[in-house]
Amino acid sequence: MNHAADPATESFLAHRNLLFTVAYEMLGSAADAEDVLQETWLRWTKVDVGQVRDQRAYLVRITTRQALNRLRTMKRRKEAYVGPWLPEPLLTTPDVAEDVELAESVSMGLMIVLETLSPTERAVFVLREAFELGYDEIAAAVGKSPAAVYQIAHRARQHVDARRPRQVASPSETRAALGAFQHAVETRDLQGLLDVLAPDVVLVGDGGGIKQAVLRPITGADKVARLFLGNLGRVGGTLTGEPTVVNGNPALLVRLDGEIDGVMAIRIEDARITGVYYVRNPEKLTHIESETPLTLR
């Protein structure tokens, strides 16, 4: 069946990357974002497209509603999850890294902060801060009044601002910190590792109960450094780190004897690492070998 002349299909495909980005920023899961897009498409096919004045806004509204429904069911899944839950890392296209605003909005550090918001707060924050939607548009998407959305947006912004870095690190700063970290680990240089880690650094590992990972966040440079150096000594096989770009930001693809073991992303402030996020759950590593296009527009 040829869909080339089908206006509904053309419109959906034209906005697909945007809709995926909306769903992913709200959910932190590529698999769930894909499911939301499927649900959005099914609802879109039932709409009289000729009567829709702003198709982009209409599609974003459907996607947001479906993502909100999915967020509420994911809450129960996360409560039963083994150990910390980290967002699913995505291998992103070069243009994502070049867009500072987009790279910040999908960074692992910010995505982790968004996990601390309520579903409605997260939806409002994402639509307002990342996609710059108007309060009226967001109100239609989340089923609240524009005045209520304004208040929610203000509260969510304060919450996020209190928890994210004061300054966004440049890609070169992040690559330098990652390189220093990797070199110190590979050469088993404890002092070198302590030099690149902030005193109050936090390590969060996500094995999902499938792969071994720390079951609670580890805080403090000495504890984090000794954990990495101690674990490296117990690893059977060759562990290598390969620089990559995940969620628009420099990261390390970690391989054990050539096989993917996990993805490591970091958060830095003042050239030192304040957060280490290591995703080992194989169910969350399905989007790191082929690029995922993202967009805010």
Side-chain angles (χ1 to χ4, degrees), residues 18 21-29 32-33 57 60-61 63-72 74-75 78-79 84-88 96 99-170 173-174 198-204 206 216-217 219 247-249 265-277 294-297:
L18 168 72
T21 308
V22 170
Y24 174 72
E25 286 199 28
M26 284 182 60
L27 301 171
S29 162
D32 286 282
V60 169
R61 187 158 72 234
T63 300
T64 300
R65 287 176 177 170
Q66 298 311 309
L68 269 173
N69 291 340
R70 181 64 57 117
L71 255 184
R72 291 172 181 129
M74 285 176 72
K75 186 173 184 293
K78 289 174 187 176
E79 286 168 355
W85 190 96
L86 288 174
E88 183 177 347
V96 175
D99 185 333
V100 175
E101 190 181 352
L102 176 54
E104 160 65 4
S105 74
V106 296
S107 68
M108 291 289 278
L110 182 59
M111 296 283 284
I112 289 164
V113 173
L114 295 184
E115 288 294 317
T116 63
L117 297 173
S118 73
T120 303
E121 285 174 338
R122 184 166 183 167
V124 169
F125 180 87
V126 165
L127 295 177
R128 181 64 185 169
E129 298 296 321
F131 298 94
E132 299 178 349
L133 266 61
Y135 293 113
D136 289 348
E137 280 185 278
I138 300 172
V142 301
K144 303 280 185 183
S145 70
V149 164
Y150 178 84
Q151 294 295 331
I152 293 168
H154 179 69
R155 187 169 66 242
R157 192 182 309 115
Q158 284 185 318
H159 180 94
V160 172
D161 285 348
R163 289 162 177 79
R164 68 177 167 189
R166 296 181 304 278
Q167 294 179 316
V168 177
S170 70
E173 286 177 301
T174 305
D200 57 352
V201 62
V202 178
L203 164 68
V204 183
D206 180 343
R216 284 178 298 280
T219 302
N247 290 49
N249 293 266
I266 61 171
R267 161 177 158 161
I268 71 171
E269 284 188 72
D270 300 323
R272 300 183 86 181
I273 298 172
T274 58
V276 180
Y277 313 115
L294 303 171
T295 182
L296 296 180
R297 305 287 173 258

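Starting from 1, each residue takes its place in the sequence as its number. Everything numeric in this text was worked out from a predicted model, so none of it was measured.
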Please examine the side chains of [Y] and [X], heavy atoms only from C-beta on, and report whether any two atoms are closer than 4.5 Å.
| X | Y | value |
| --- | --- | --- |
| T64 | M26 | yes |
| T274 | V201 | no |
| T120 | R72 | yes |

(message) Assess the residue pair S105 and E25 against the criterion (side chain to side chain donor-acceptor pair (under 3.5 Å)); give the C-alpha distance rounded to whole Å, side-chain angles, the decisive distance to 0.1 Å, and a yes or no.
(response) CA-CA 8 Å; S105 74; E25 286 199 28; 2.9 Å; yes

Gap between atom [atom2] of [Y] and atom [atom1] of [X] - 0.5 Å precision:
| X | Y | atom1 | atom2 | answer |
| --- | --- | --- | --- | --- |
| K144 | Q151 | NZ | CD | 12.5 Å |
| L294 | N247 | CG | CG | 7.5 Å |
| S29 | W85 | OG | CH2 | 6.0 Å |
| E104 | L102 | CD | CG | 10.5 Å |
| R61 | Q66 | CZ | CD | 12.5 Å |

(request) Would you please test E137 and E132 for side-chain contact (heavy atoms from CB on, under 4.5 Å) and show each step? (result) CA-CA 10 Å; E137 280 185 278; E132 299 178 349; over 6 Å; no

(request) Take V60 and F131, measure what side-chain contact (heavy atoms from CB on, under 4.5 Å) needs, and give me the verdict at the end. (result) CA-CA 10 Å; V60 169; F131 298 94; over 6 Å; no

Taking [X] for its side chain and [Y] for its backbone only, find out whether a donor-acceptor pair lies under 3.5 Å.
| X | Y | value |
| --- | --- | --- |
| R267 | V276 | no |
| N249 | A103 | yes |
| D206 | L86 | yes |

Counting only pairs under 3.5 Å, give me each side-chain donor-acceptor contact of residues 109-119, with atom names and distances, residues two or more places apart or in other chains.
unit_1: E115; atom_1: OE1; unit_2: K78; atom_2: NZ; d: 2.7
unit_1: E115; atom_1: OE2; unit_2: K78; atom_2: NZ; d: 3.4
unit_1: E115; atom_1: OE2; unit_2: R122; atom_2: NH1; d: 2.7
unit_1: T116; atom_1: OG1; unit_2: V113; atom_2: O; d: 2.5
unit_1: T116; atom_1: OG1; unit_2: H159; atom_2: NE2; d: 2.7
unit_1: S118; atom_1: OG; unit_2: E121; atom_2: N; d: 3.2
unit_1: S118; atom_1: OG; unit_2: E121; atom_2: OE1; d: 3.4

(request) Please list, chain by chain and in numerical order, all residues satisfying salt bridge (charged side-chain N to carboxylate O under 4.0 Å, His left out) with R166, sequence neighbours excluded. (result) E269, D270

(message) I'd like to know whether CD of E79 has more than 12 heavy-atom contacts from other residues, nucleotides or ligands below 6.0 angstrom.
(response) yes

